[in-house]
**Q** 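Pasting a structure below so you can have a look.
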Amino acid sequence: MKKIIICITLCIGFNLSNAQQKYFPFSIADKHGITDTLGNETVKPSYENSKMIEAKNQIYLQNFSSKSDVIFDAKTGAKQFFESVYGNRVKIGGVNYSEINNKDKQYLLSEQSSKKIPLTEDYTDFKNVGDYIIATFYPKPVLLKASYVDKNGIPRPPEIVPMPAKIKTILAGNETLNRLTKFNFDTYLPMYKKPEKEKNDGLVHVKLIDIKDYTETVNFDFILLTKGNTHNLYNGKMVFIKTFVLPKATDELLLNASKKILKLDLSLSQKNSYPSPMVMVAPTGVSTRPVEPRKIEEKPFRPFFYTEDLANGNTLFALQETEQISNHILEVKSDTKVYLDKKANTLTISLEGKEDSKFSFNPKTGVVYLPKVYFKQLGITII
């Protein structure tokens, strides 16, 4: 009963959250803007990309240039401006984090709460690997003392500080983001233990396999960090084991070298490193038990959206409200293609020779969230 109450509460919360959302992103010829639910243009389509952060009812507008990026509140319409905003940059504790850069400050921002994690280095290219994060950064340059005059008192040009080389590192996959490796590396190779072969003793062995063993979050058992011909071997807890040199090494050669060092059977694929769940097989032989006829349960009708090519060449977008009633919402001219995304509740309009346009619609009524000024441009007629 408690689980049912929790489920109902979550569903009600989700519906209320959607009901409170007053603004939606849209794009015209691949330029992104924001509209309200009444079709009033709130932000003109001038941004290169838009991203909806649903858990926080926020819209990211991005430029990938010197022009400021925007975090737009989809409930209130409030705007926050930043030098750059990158969504879904890395996952920490099962939560997606965005990367925010503003006024020489860089931090990760939770996409579910207001949690911020300051970044002590200019990290980029985050990648979740098992329980850890692999990132790239440029170390802070060492300032050299400038000698402004020579022995004759003549001013000398300032010394040029060389740009430090880019460094890859492994960070703890939690909010500390502690650096866990002292060796620099260019490439890495995760490795996994293979399961031991079972003895064929005629008995049935049942193994309970945790579902997480079949996801990408499974941590590696060992990892090789490579710089040139030098390879540093660590275990799954990032404890250093051994360094070895192997020139022109392929992944297979590195795997074999690691096997010899560890005296273990390893694999490069985590899928081959965990036993498969047991499949229940029906007993052989002919059953004498009477077989009951299979009951077919009739499922209640659920409304759905669809598109249909009409005889005049136009495309219809409609809502099938009941088995008999279809609510026609709009038509698009014959020289365009229409793509319906039922999961995201969006329509994409493709005009030949032009970039695509995209907008949302109400998941219950089908009312489109697009400024009316663009209907004619996209060949849309509301029915």
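Nothing here was measured: the structure is a model prediction, and the numbers come from that model.
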**Q** Under 4.5 Å between side-chain heavy atoms, counting indirect links through other Ile/Leu/Val/Met/Phe/Trp/Tyr residues: same cluster for L224 and L255 or not?
**A**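 Yes; L255 is reachable from L224 via cluster members.
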**Q** Could you tell me the separation between the NZ atom of K116 and the OG atom of S98, rounded to the nearest 0.5 Å?
**A** 12.0 Å
**Q** Using 30° and 60° as the class boundaries, would you call the ring planes of F137 and Y123 parallel, tilted or perpendicular?
**A** perpendicular
**Q** What about Y306 and F317, are their ring centers closer than 6.0 Å?
**A**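 Centroid distance Y306-F317: not below 6.0 Å, so no.
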**Q** Just by distance, do the side chain of N174 and the backbone of G93 share a donor-acceptor pair under 3.5 Å?
**A** no
**Q** Using a strict threshold of under 4.0 Å (side-chain N to carboxylate O), is an ion pair present between K337 and E352?
**A**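 Looking at K337 together with E352, the answer is no, because their closest N to O distance does not fall below 4.0 Å.
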**Q** Is a side-chain donor-acceptor pair under 3.5 Å present for N232 with T243?
**A** yes
**Q** Could you tell me whether E121 and R179 have a side-chain N and a carboxylate O separated by less than 4.0 Å?
**A** no
**Q** For atom NZ of K56, is the number of surrounding heavy atoms from other residues, nucleotides or ligands below 6.0 Å larger than 12?
**A**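 Yes, NZ of K56 has more than 12 neighbouring heavy atoms, counting only those of other groups under 6.0 Å.
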**Q** Can you check whether I383 reaches L316 side chain to side chain, under 4.5 Å on heavy atoms?
**A**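 Of all side-chain heavy-atom pairs linking L316 with I383, at least one is under 4.5 Å.
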**Q** Tell me if the NZ atom of K333 is crowded by more than 12 foreign heavy atoms within 6.0 Å.
**A** no
**Q** Using atom types as modelled and distance alone, determine if a side-chain donor or acceptor of D73 lies under 3.5 Å from a backbone N or O of K75.
**A**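 Between the backbone of K75 and the side chain of D73 there is a qualifying donor-acceptor contact (under 3.5 Å).
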**Q** Should L378 and L310 be regarded as members of a common hydrophobic cluster, given that ILVMFWY residues are connected when their side-chain heavy atoms come within less than 4.5 Å of each other, either directly or indirectly?
**A** no
**Q** Could you tell me whether F72 and Y60 have their ring centroids closer than 6.0 angstrom?
**A**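 No, too far apart.
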**Q** For the ring pair F359 and Y369, is the centre-to-centre distance below 6.0 Å?
**A** no
**Q** Look only at the side chain of Q21 and the backbone of Y23, and say whether a donor-acceptor pair between them is shorter than 3.5 Å.
**A** yes
**Q** More than 12 heavy atoms of other residues, nucleotides or ligands under 6.0 Å from NZ of K67: yes or no?
**A**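 Correct, the count exceeds 12.
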**Q** Is a salt bridge present between D186 and K227, judged by a nitrogen-to-oxygen distance below 4.0 Å?
**A**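 Salt bridge flag = yes for K227 with D186.
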**Q** Does the plane of the ring in Y188 sit parallel, tilted or perpendicular to the ring in F185? Use 30° and 60° as the thresholds.
**A**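 Ring orientation of Y188 relative to F185: perpendicular.
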**Q** Measure from the ring center of Y97 to the ring center of F126 and say whether it is less than 6.0 Å.
**A** no
**Q** Between T348 and D356, is any side-chain donor less than 3.5 angstrom from a side-chain acceptor?
**A**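 Note: T348 and D356 side chains miss the donor-acceptor criterion.
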**Q** In sequence, state the C-alpha distance, the side-chain angles, and the governing distance for V70 and Y47, and then conclude on side chain to side chain contact (heavy atoms under 4.5 Å, CB included).
**A** CA-CA 10 Å; V70 179; Y47 290 84; 3.4 Å; yes
**Q** Does P25 offer a backbone N or O that forms a donor-acceptor pair with the side chain of S50 under 3.5 Å?
**A**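 No, because the side chain of S50 does not come within donor-acceptor range (under 3.5 Å) of the backbone of P25.
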